[in-house]
Number of protein chains: 2
Amino acid sequence: MEALISDLKSRLKEKGYKLTTQRRIILDVILENQGLHLSPEEIYDKVKNKYPEIGLATVYRTLQLLEELEIVYKLNFNDGCNRYEINSNSNDHRHHHLICLNCGKVIEVEIDLLENLEEEIEKEGKFKIVDHNVKFFGYCEDCSK
Amino acid sequence: MEALISDLKSRLKEKGYKLTTQRRIILDVILENQGLHLSPEEIYDKVKNKYPEIGLATVYRTLQLLEELEIVYKLNFNDGCNRYEINSNSNDHRHHHLICLNCGKVIEVEIDLLENLEEEIEKEGKFKIVDHNVKFFGYCEDCSK
DNA sequence: TAATAATTGATAATCATTTTCTTTTGATAA
DNA sequence: TTATCAAAAGAAAATGATTATCAATTATTA
Ligand SMILES: [Mn+2]
Ligand SMILES: [Mn+2]
Ligand SMILES: [Zn+2]
Ligand SMILES: [Zn+2]
């Protein structure tokens with residue numbers, strides 16, 4: 001997590017941006033809530049505990065910026081808002097999400113196993129893959145009865 | 001395509017809904033534009049050519065209904081609106097999408113190849129998979145230079 | 001220290017989608 | 001066929017997430 005903050009600092013500087021208190025706290029909140037996939041509003045609420053003067057617009061702006069810098073990743077679970085998580089692996093591995101159709105719970109899966117599929121797709125020579133996004137829908141343990 | 005219309009008719013009747021002209025035309029437009037992933041607004045424009053009195057709210061309402069009946073499938077390419085396509089295979093096979101990060105073009109891939117991954121996930125016994133959604137990001141032929 | 005550029009917070013504006021409400025339509029029974 | 005009644009449609013207003021605007025503040029540079 002320290003690595004991420006210094007990462008942020010250098011990537012910001014690189015583009016002439018500053019590491020402000022607000023930005024750092026927003027990233028802190030996301031870091032402290034790994035796996036929860038917070039929405040901007042939820043992040044706003046949590047940040048307000050640490051920095052009550054924060055404005056909602058700043059949260060939106062910062063999330064945009066962090067996404068641009070590939071420090072966070074934007075998710076869409078079709079529940080009316082975007083959600084964000086740390087982009088732990090800018091390089092290769094990206095985890096998948098299992099979404100329970102009954103209770104809405106979101107479970108993370110670390111195995112990737114897309115190599116075959118990606119290879120097969122690139123074999124055609126018509127597309128160069130650099131990232132993917134995989135969601136599985138079904139029923140979690142509790143909801144399977 | 002005829003199959004889909006009669007499918008629609010029976011699934012509607014099953015739930016006490018009616019097959020109206022508007023609903024049929026909306027489905028026709030989606031059928032006539034396979035692979036284009038139209039947005040509600042785009043569907044509205046095309047339907048207006050055949051039925052100028054249609055209202056936008058009817059399009060939204062019908063899309064919701066068709067999705068509920070599993071006749072269409074809702075997609076999100078993060079471009080500010082939802083998009084819809086025929087849910088050609090309610091059973092098993094669902095095609096994937098390749099999205100060009102440069103020009104935005106969307107290409108469909110028919111190979112599935114997720115069996116291994118799904119098996120591996122279900123092996124843990126914590127989740128029963130019934131559907132998936134897979135997007136690949138990268139560069140299309142034209143944009144790879 | 002003065003000048004300049006970046007950042008913020010408050011507020012207004014956008015824009016896709018939903019709701020509300022009144023009128024119309026269509027299936028069914030008398 | 002006609003009366004009845006729920007479903008459906010269209011117009012218009014409302015909602016709600018996100019974005020843009022703008023004046024004030026803060027950090028950096030000359
Ligand atoms: Mn996650
Ligand atoms: Mn498609
Ligand atoms: Zn569940
Ligand atoms: Zn392209």
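Order of the sequence lines sets the chain letters (A, B, ...), proteins ahead of strands, with each chain counted from 1. For the numbers below, each heavy atom of this structure counts, side chains included, while hydrogens, waters and symmetry mates do not.
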> Rounded to the Å, how far apart are B/Tyr17 OH and D/dC5 P?
Replying inline: 22 Å

>> Which residue is it: A/Leu114, A/Ile111, A/Asn133? I am looking for the one with a side-chain contact (heavy atoms from CB on, under 4.5 Å) to A/His96.
In response: A/Leu114

> Rounded to the nearest Å, what distance is computed from the CZ atom of residue A/Arg23 to the C1' atom of nucleotide C/dT8?
Replying inline: 9 Å

> Of the options B/Thr20, B/Val47, B/Ile43, which is the one that meets B/Ile25 in a side-chain contact (heavy atoms from CB on, under 4.5 Å)?
Replying inline: B/Val47

>> Just the rounded figure in Å: distance from C1' of D/dA17 to OH of A/Tyr84.
In response: 11 Å

> Between B/Arg83 and B/Glu42, is there a side-chain N and carboxylate O pair less than 4.0 Å apart?
Replying inline: yes

> Tell me, do A/Lys46 and A/Glu32 make a side-chain contact under 4.5 Å, heavy atoms counted?
Replying inline: no

> Just wondering, more than 12 heavy atoms not from B/Lys50 lying within 6.0 Å of its NZ?
Replying inline: yes

> Do other residues, nucleotides or ligands put more than 12 heavy atoms under 6.0 Å from the NZ atom of A/Lys135?
Replying inline: yes

> Taking atom types as modelled and ignoring hydrogens, do the side chains of A/His95 and A/His97 form a donor-acceptor contact shorter than 3.5 angstrom?
Replying inline: yes

> Taking the side chain as C-beta and beyond, is there a heavy-atom pair between A/Leu27 and A/Ile86 under 4.5 Å?
Replying inline: yes

> Closer than 4.0 Å, any side-chain N/O of A/Asn82 to the OP1 or OP2 of D/dT18?
Replying inline: yes

> Roughly how many Å is it from CZ in A/Arg83 to P in D/dA17, rounded to a whole number?
Replying inline: 11 Å

> Nearest heavy-atom pair of A/Tyr73 and A/His132: which atoms, and what distance?
Replying inline: OH-O, 3.8 Å

> Judged by atom type as modelled, is there a donor-acceptor pair below 3.5 Å linking the side chain of B/Arg23 to the main-chain atoms of B/Lys18?
Replying inline: yes

>> Protein within reach of the bases, or only the backbone? For nucleotides 25-30 of chain C, mark each nucleotide 5' to 3' as B, S or -, using heavy atoms under 4.0 Å.
In response: ------

Heteroatom pairs (N/O) under 3.5 angstrom, protein to nucleotides 1-3 of chain D:
none

> Which base sits across from D/dT18 as a Watson-Crick or G-U pair, both distances under 3.5 Å?
Replying inline: C/dA13

> Would you say A/Tyr60 reaches D/dT18's phosphate, i.e. side-chain N/O to OP1/OP2 under 4.0 Å?
Replying inline: yes

> CG of A/Leu8 versus P of C/dT7: gap in Å, rounded?
Replying inline: 11 Å

Which protein N or O atoms sit under 3.5 Å from an N or O of nucleotides 10-15 of chain D?
unit_1 : atom_1 : unit_2  : atom_2 : d
D/dG10 : OP1    : B/Gln22 : NE2    : 3.4
D/dG10 : OP1    : B/Glu53 : O      : 3.1
D/dG10 : OP2    : B/Gly55 : N      : 3.2
D/dG10 : OP2    : B/Thr58 : OG1    : 2.6
D/dG10 : O5'    : B/Glu53 : O      : 3.4
D/dG10 : N7     : B/Arg61 : NH2    : 2.6
D/dG10 : O6     : B/Arg61 : NH1    : 3.2

